[in-house]
Trainee: 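Questions regarding the structure given below will be posed in turn.
Because only heavy atoms are used, hydrogens play no part in the values below, and waters and symmetry mates are left out as well, while side chains stay in. Positions are given from 1 along the sequence.
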Amino acid sequence: MDSRLVSAISQVVNELFPVEASLAISDDRRYIYYQPSRQIDLKIRPGDEIKPDSVTYKALVIRRKIEEQKDSRVFGVPYFGVSVPILEDGVPKGCVTAVWPKKPLLATSYLTVRTMDRWIPIPFEAVVYLEAQNRKTFVKAMHAEGYHKYNLTELEFSLPGHRFVRCHRSYIVNVDSIAEIHPDSHSTFLLVMKDGSKVPVSQTYASHFRRLLGF
């Protein structure tokens, strides 16, 4: 497969899967590109043969999209994979596979929250921050707020990593909603959000937060 085509495919897939997914591209026999994520690494190397029990192998054999949870027998760790074969006149020429630690909870680009008497879908871009509260997640947006049924850790794996950053055991923030970053005691920070609310950055996440935001 042409290297320019591989690069183009990887860019498209990264747009389709903004969530932190590992990405593998193969021809009909071997992997030719692999990009691990911070969430999961299958230790694939370009040139490795496609393993018979993998999601990639199955997609190539049955010549259609496959979504499956796999146990640790294939790559040493359990994973959820989505594989789409590349067909030419019905013949498989390659495959693109996105990999997560487990099946993402969200298949949409919004969070639906419960208020007192209704549900409100909130687009990702409108979210200000998420806060862990009583095994649920409080979602604060510019013009709405409510509770999501999944807890903060469950949601973290399904949120686009380029937009949402974990800054505290109890908080995830939308970086586009940060207005100011103030130094706080003991190498921590205090975030002033665009709606005026304030969110702490704990010492545990401070270095990672600074690295991601480049300051």
Side-chain angles (χ1 to χ4, degrees), residues 3-4 6-25 33-46 77 79 96-102 104-106 108-111 122-133 137-145 148 150-215:
S3 61
R4 289 175 298 179
V6 171
S7 177
I9 290 173
S10 65
Q11 290 177 17
V12 170
V13 173
N14 284 330
E15 287 295 321
L16 292 174
F17 298 109
V19 182
E20 295 280 339
S22 295
L23 173 64
I25 301 175
Y33 174 87
Y34 179 64
Q35 176 183 292
S37 74
R38 64 184 178 86
Q39 295 179 358
I40 186 168
D41 185 1
L42 301 185
K43 307 296 183 183
I44 294 171
R45 293 177 298 179
V77 293
Y79 75 98
V96 178
T97 303
V99 176
W100 292 267
K102 58 182 179 179
L105 298 172
L106 302 177
T108 59
S109 59
Y110 53 84
L111 296 172
I122 300 176
F124 284 163
E125 60 268 21
V127 174
V128 177
Y129 67 83
L130 297 88
E131 180 183 1
Q133 291 186 11
T137 301
F138 174 72
V139 179
K140 180 69 170 67
M142 295 300 293
H143 304 294
E145 60 184 49
H148 197 281
Y150 293 127
N151 65 43
L152 198 64
T153 300
E154 291 172 327
L155 282 177
E156 183 177 13
F157 285 110
S158 297
L159 295 169
H162 68 284
R163 183 186 297 275
F164 291 95
V165 177
R166 187 77 174 251
C167 64
H168 189 280
R169 182 180 62 182
S170 300
Y171 290 94
I172 293 174
V173 295
N174 179 354
V175 294
D176 293 332
S177 294
I178 299 173
E180 299 175 354
I181 304 172
H182 294 260
D184 206 353
S185 59
H186 306 296
S187 301
T188 63
F189 303 99
L190 183 67
L191 306 179
V192 179
M193 310 305 287
K194 290 181 179 179
D195 70 338
S197 56
K198 297 179 180 179
V199 177
V201 178
S202 69
Q203 192 171 20
T204 301
Y205 292 93
S207 295
H208 178 64
F209 184 83
R210 290 188 68 160
R211 192 162 55 248
L212 287 176
L213 271 69
F215 72 99

Trainee: Quick one: does Leu152's side chain get under 4.5 Å of Arg166's, heavy atoms only?
Mentor: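 They are in side-chain contact.
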
Trainee: I need the Asp184 CG to Ser202 OG distance, nearest 0.5 Å.
Mentor: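 Asp184 CG to Ser202 OG: 11.0 Å, rounded to 0.5 Å.
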
Trainee: Going from OG1 on Thr137 to CG on Asn151, what distance comes out if it is rounded to the nearest 0.5 angstrom?
Mentor: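 Those atoms lie 6.0 Å apart.
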
Trainee: Just verifying a value: how many Å separate Ser207 OG and Leu212 CG, rounded to the nearest 0.5 Å?
Mentor: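 That separation rounds to 11.0 Å.
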
Trainee: Can a donor-acceptor pair be found, under 3.5 Å and without considering hydrogens, that links the side chain of Lys194 to the backbone of Asp176?
Mentor: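 Present.
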
Trainee: If you look at every heavy atom in Val192 and His182, which pair is closest and at what distance?
Mentor: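 Looking at all heavy atoms of both residues, the shortest contact is CG2-CD2, 3.5 Å.
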
Trainee: Work out which heavy atom in Ser37 is nearest to a heavy atom in Ser22; give both atom names and the distance.
Mentor: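 Result for this residue pair: N-OG, 3.0 Å.
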
Trainee: Yes or no on side chain to side chain contact (heavy atoms under 4.5 Å, CB included) for Val199 and Met193, after CA distance, side-chain angles and deciding distance?
Mentor: CA-CA 8 Å; Val199 177; Met193 310 305 287; 4.0 Å; yes

Trainee: If you compare all heavy atoms of Ile44 against all heavy atoms of Ala24, which two are closest, and at what distance to 0.1 Å?
Mentor: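 Minimum heavy-atom separation between Ile44 and Ala24: CD1-CB, 4.3 Å.
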
Trainee: Does the pair Leu155 and Ile172 meet the rule for a side chain to side chain contact (heavy atoms under 4.5 Å, CB included), with working shown?
Mentor: CA-CA 10 Å; Leu155 282 177; Ile172 293 174; 5.7 Å; no

Trainee: Within the structure provided, determine whether Ile40 and Trp100 are in side-chain contact (heavy-atom separation under 4.5 Å).
Mentor: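 No; the side chains remain at least 4.5 Å from each other.
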
Trainee: Can you name the nearest heavy-atom pair linking Cys167 to Val173, along with the distance?
Mentor: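 That would be SG-CG1, 3.8 Å.
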
Trainee: Taking all non-hydrogen atoms of both residues, which atom of Tyr34 and which atom of Asp41 are closest, and how far apart?
Mentor: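 That closest heavy-atom pairing would be OH-OD1, 3.0 Å.
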
Trainee: A side-chain contact here means heavy atoms from C-beta on lying under 4.5 Å apart; do Val201 and Ile181 qualify?
Mentor: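 Of all side-chain heavy-atom pairs linking Ile181 with Val201, none is under 4.5 Å.
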
Trainee: If you define the side chain from C-beta out and look only at heavy atoms, does anything of Leu130 sit under 4.5 Å from Phe164?
Mentor: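 Leu130 reaches Phe164 side chain to side chain.
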
Trainee: Can you say whether the rings of Phe189 and Phe209 are parallel (under 30°), tilted (30 to 60°) or perpendicular (over 60°)?
Mentor: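 Judged by the thresholds at 30° and 60°, the geometry between Phe189 and Phe209 is tilted.
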
Trainee: Could you grab the distance from atom CE of Met142 to atom CD of Glu125, nearest 0.5 Å is fine?
Mentor: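 Between atom CE of Met142 and atom CD of Glu125 there are 12.5 Å.
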
Trainee: Give a yes or no on whether the backbone of Asn174 and the side-chain of Arg163 come within a donor-acceptor separation of less than 3.5 Å.
Mentor: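 Checked: no pair found.
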
Trainee: Taking C-beta and beyond as the side chain, do Leu111 and Val127 meet within less than 4.5 Å on heavy atoms?
Mentor: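 Answer yes - side chains close enough.
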
Trainee: When the ring planes of Phe138 and Tyr129 are compared, do they come out parallel, tilted or perpendicular, using 30° and 60° as the limits?
Mentor: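 Ring orientation of Phe138 relative to Tyr129: tilted.
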
Trainee: What closest approach, in Å, do Gln133 and Glu131 show between heavy atoms, and which atom pair accounts for it?
Mentor: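 Closest pair (atom of Gln133, atom of Glu131, distance): NE2-OE1, 3.1 Å.
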
